[in-house]
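Below is one structure; the comments refer to it alone.
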Amino acid sequence: MIERKDILSIPYLKKATFTGSYKGLRFRFAVIEKEIPCKEKEEKGEDIKKELLEITAWEGPYGFDATPEEKKQRIEVDFSEEGIQQGIDWLNKLWIQKPKRWIEAKKN
């Protein structure tokens, strides 16, 4: 299973994307900036920019750029230790649900 120690630190993730794999399950952690509509438009009238962590999973053996978009799965979480752990839990859940899928992908 993927553990927290397998994913690099927040300072690293702030500067670069992180890719890895676990028995055919390829994954990528990347910081993205997203505009969130301001709820109180009377005050500022501006959208708020927030850093999120986008976690992408796909079948091996190909890398992120060589894999078609329709074969990728994504979630977005807060860019925090809790968000990183949510991403790890999500990846582990994907692997547990269909281990044969990922193992077969590794063989290709």
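All heavy atoms count here, side chains included; hydrogens, waters and symmetry mates do not.
- In this structure, F27 and I2 approach most closely via the heavy-atom pair CE2-CD1, 3.6 Å.
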Practice task
Test side-chain contact (heavy atoms from CB on, under 4.5 Å) on I10 and F79 and set out the steps.
Solution key: CA-CA 8 Å; I10 285 180; F79 182 44; 3.7 Å; yes
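- Note: Y12 and F18 have perpendicular aromatic rings, judged against thresholds of 30 and 60 degrees for the angle between ring planes.
- In this structure, CD1 in I48 is found 10.5 Å from CD in E35, a value given to the nearest 0.5 Å.
- Residue I103 holds its CD1 atom at 11.0 Å from CG of L25, rounded to the nearest 0.5 Å.
- If you take CD1 on I75 and CG on L53, they are separated by 8.0 Å, rounding to the nearest 0.5 Å.
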Practice task
Kindly determine whether E51 and K34 satisfy salt bridge (charged side-chain N to carboxylate O under 4.0 Å, His left out), including the steps that lead there.
Solution key: CA-CA 6 Å; E51 283 187 331; K34 203 164 204 179; over 6 Å; no
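- Between S21 and R26 the shortest heavy-atom distance is CB-CD, 3.6 Å.
- Scored by the salt bridge (charged side-chain N to carboxylate O under 4.0 Å, His left out) test, K50 finds D78 as partners (sequence neighbours excluded).
- Separation of atoms CG (L91) and CZ (F29) is listed at 5.0 Å; rounding is to 0.5 Å.
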Practice task
Begin with the C-alpha distance, continue with both residues' side-chain angles, and end with the deciding distance and a verdict on side-chain contact (heavy atoms from CB on, under 4.5 Å) for I88 and I55.
Solution key: CA-CA 9 Å; I88 292 167; I55 297 105; over 6 Å; no
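- Residues that satisfy the side-chain contact (heavy atoms from CB on, under 4.5 Å) test with K106, not counting sequence neighbours, are absent from this structure.
- Here T56 pairs with R28, E54, W58, F64, K72, R74 under the side-chain contact (heavy atoms from CB on, under 4.5 Å) rule; sequence neighbours left out.
- One finds the CD atom of Q73 at 5.5 Å from the CH2 atom of W90 (value rounded to the nearest 0.5 Å).
- Side-chain contact check for E76 versus I32: some heavy-atom pair is nearer than 4.5 Å.
- G24 approaches A105 most closely through the heavy-atom pair O-CB, 4.1 Å.
- K71 pairs by the side-chain hydrogen bond (donor to acceptor under 3.5 Å, both in side chains) definition with nothing, not counting sequence neighbours.
- Every side-chain hydrogen bond (donor to acceptor under 3.5 Å, both in side chains) that D89 has, sequence neighbours left out, goes to Q85.
- Atom OH of Y22 sits about 9.5 Å away from atom CG of D6, to the nearest 0.5 Å.
- Within the structure, salt bridge (Lys or Arg N to Asp or Glu O under 4.0 Å) pairs that include any residue of residues 93-105 comprise E59-R101, E104-K107 (at least two apart or interchain).
- At distances below 3.5 Å, at least one donor-acceptor pair connects side-chain atoms of S80 with backbone N or O atoms of G83.
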